[in-house]
Amino acid sequence: MLTRKQHELLLFIHERLKEAGIPPSFDEMKEALDLASKSGIHRLITALEERGFIRRLPNRARALEVLRLPDSIAPGLNAARKFSPSVIEGSLGRKPEPSRSFSHGNDDDIGAAVTIPVMGRIAAGVPIDAIQHKTHSISVPPDMIMGGEHYALEVKGDSMIEAGIFDGDTVVIRSSNTANPGEIIVALVDDEEATLKRFRRKGASIALEAANPAYETRIFGPDRVKVQGKLVGLIRRY
């Protein structure tokens, strides 16, 4: 289910593509949705992409493709165009579930909440201590918890900002000791450093990739990195 702003942006992009054949600029999207900054548009686009409604085409400026519309608007379009996420590399066969964002104070998003433990802080930048014991609990929307054990971590740092993850956010993690290339994971390096990064493979090595050009991709031997879980949701307080 989309939030009101996500729904508005998706329809605006769709209508502009039908009328002009090119997607609107970030400034046009910002004005259409009456947002104060383009960072809000970036977060909405990321959320729509993660949910499989749009796709950003590589190596082309302003290149967006609408893959599907909400079923209430265009059920025929969705039946005709099956979306398959393109972020997975390799041949492991499984695809990541889209992550979901949840902002406190929006009654439409909250629903019947589920309580999960917050297990301390996770680095999205410089190294910090590894995952701690439970500090407190939070409530999350039930559709963010889709089987398995889940926990939350508070984000410290800015290395994942281009994935829409900011310092001070809380990420919801599904416990797992495996990951597919392209997924955002909690990685434990050398049993002492916990970090939130995108998982890649470089030959026999593991690459932990930031979503901020100010940070380099870090390469480790496979015995140095343990997968602790995969990102499935995001909570942000305004």
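Since this is a predicted model, take the numbers as computed values, not measurements.
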Over all heavy atoms of both residues, which pair between Ile184 and Ala163 is shortest? Give the atoms and the distance, please.
CD1-CB, 4.0 Å
Hey, are the side chains of Arg55 and Leu64 touching, using non-hydrogen atoms and a 4.5 Å cut-off?
no
Any side-chain heavy atom of Thr46 sitting closer than 4.5 Å to one from His42?
yes
Scanning both residues in full, the closest heavy-atom pair of Arg174 with Val232 reads NH1-CG1, 3.4 Å
Please indicate whether Lys5 has more than 12 foreign heavy atoms, meaning atoms of other residues, nucleotides or ligands, lying under 6.0 Å from its NZ.
yes
Say you draw a straight line from CD of Glu8 to OG1 of Thr3; how long is it, rounded to the nearest 0.5 Å?
8.5 Å
Least distance between heavy atoms, Lys202 atom then Ala207 atom:
CG-CB, 3.6 Å
Measuring only between side-chain heavy atoms, which start at C-beta, is Leu153 closer than 4.5 Å to Ile173?
yes
Determine, for Phe166 and Arg43, whether the Lys NZ or Arg CZ falls below 6.0 Å from the six-membered ring centre while staying within 45 degrees of the axis.
yes
Less than 4.5 Å apart, side chain to side chain, heavy atoms only: is that true for Asp158 and Tyr215?
yes
Start with the C-alpha distance between Ile235 and Asp169, add both sets of side-chain angles, then the distance that settles side-chain contact (heavy atoms from CB on, under 4.5 Å), and finish with yes or no.
CA-CA 6 Å; Ile235 297 170; Asp169 286 347; over 6 Å; no
Answer whether the closest heavy-atom distance between the side chains of Glu154 and Ile122 falls below 4.5 Å.
no
Atom pair CZ/CD1 of Arg236 and Ile165 - distance to nearest 0.5 Å:
9.0 Å
Give the C-alpha distance, both sets of side-chain angles, the deciding distance and a yes or no for side-chain contact (heavy atoms from CB on, under 4.5 Å) between Leu196 and Val171.
CA-CA 9 Å; Leu196 186 72; Val171 289; 4.1 Å; yes
Of all heavy-atom pairs between Gly182 and Arg200, which one has the smallest distance, and what is that distance?
CA-NH1, 3.5 Å
Which atom names give the shortest non-hydrogen contact between Gly40 and Leu35, and what distance separates them?
C-CD1, 4.1 Å
Could you give me the CA-CA distance, side-chain angles and deciding distance for Arg218 and Glu209, then say whether side-chain contact (heavy atoms from CB on, under 4.5 Å) is met?
CA-CA 7 Å; Arg218 303 169 66 196; Glu209 180 181 278; over 6 Å; no
Verdict with supporting geometry, Leu9 and Met29, side-chain contact (heavy atoms from CB on, under 4.5 Å)
CA-CA 7 Å; Leu9 180 60; Met29 288 186 273; 3.4 Å; yes
Looking at Glu31 and Glu28, would you say the former's side chain and the latter's main chain have a donor-acceptor pair under 3.5 Å?
no
Check: Pro117 main-chain N/O paired with His136 side-chain donor or acceptor under 3.5 Å:
no
Residues in salt bridge (charged side-chain N to carboxylate O under 4.0 Å, His left out) with Glu15, at least two apart?
Lys18
Can you list the other members of the hydrophobic cluster that holds Ile219, where links are side-chain heavy atoms under 4.5 angstrom apart?
none
For Ile161, does its backbone N or O pair with a side-chain atom of Asn212 as donor and acceptor, under 3.5 Å?
no
May I ask you to test the Phe53-Ile45 pair for a side-chain heavy-atom distance under 4.5 Å?
no
Nearest 0.5 angstrom please: Met160 CE to Thr195 OG1, how far?
8.5 Å
Assess the side chains of Lys30 and Ser37: does a donor N or O sit below 3.5 Å from an acceptor N or O?
no
Taking Ile54 as the fixed residue, which of Leu67, Leu44, Leu10 is the one that meets the side chain to side chain contact (heavy atoms under 4.5 Å, CB included) rule?
Leu10
In this structure, OG of Ser175 is separated from CD of Gln228 (nearest 0.5 Å) by 8.5 Å
Can you confirm whether Val140 sits close enough to Ile116 that some side-chain heavy atom of one is under 4.5 Å from a side-chain heavy atom of the other?
yes
Hydrophobic cluster partners of Ile185 (side-chain heavy atoms under 4.5 Å):
Val189, Phe199, Ile206, Leu208, Phe220, Val225, Val227
On a heavy-atom basis, which atom in Pro181 and which in Arg201 lie closest, and how many Å separate them?
CG-CG, 4.4 Å
Can you confirm whether His14 sits close enough to Leu69 that some side-chain heavy atom of one is under 4.5 Å from a side-chain heavy atom of the other?
yes
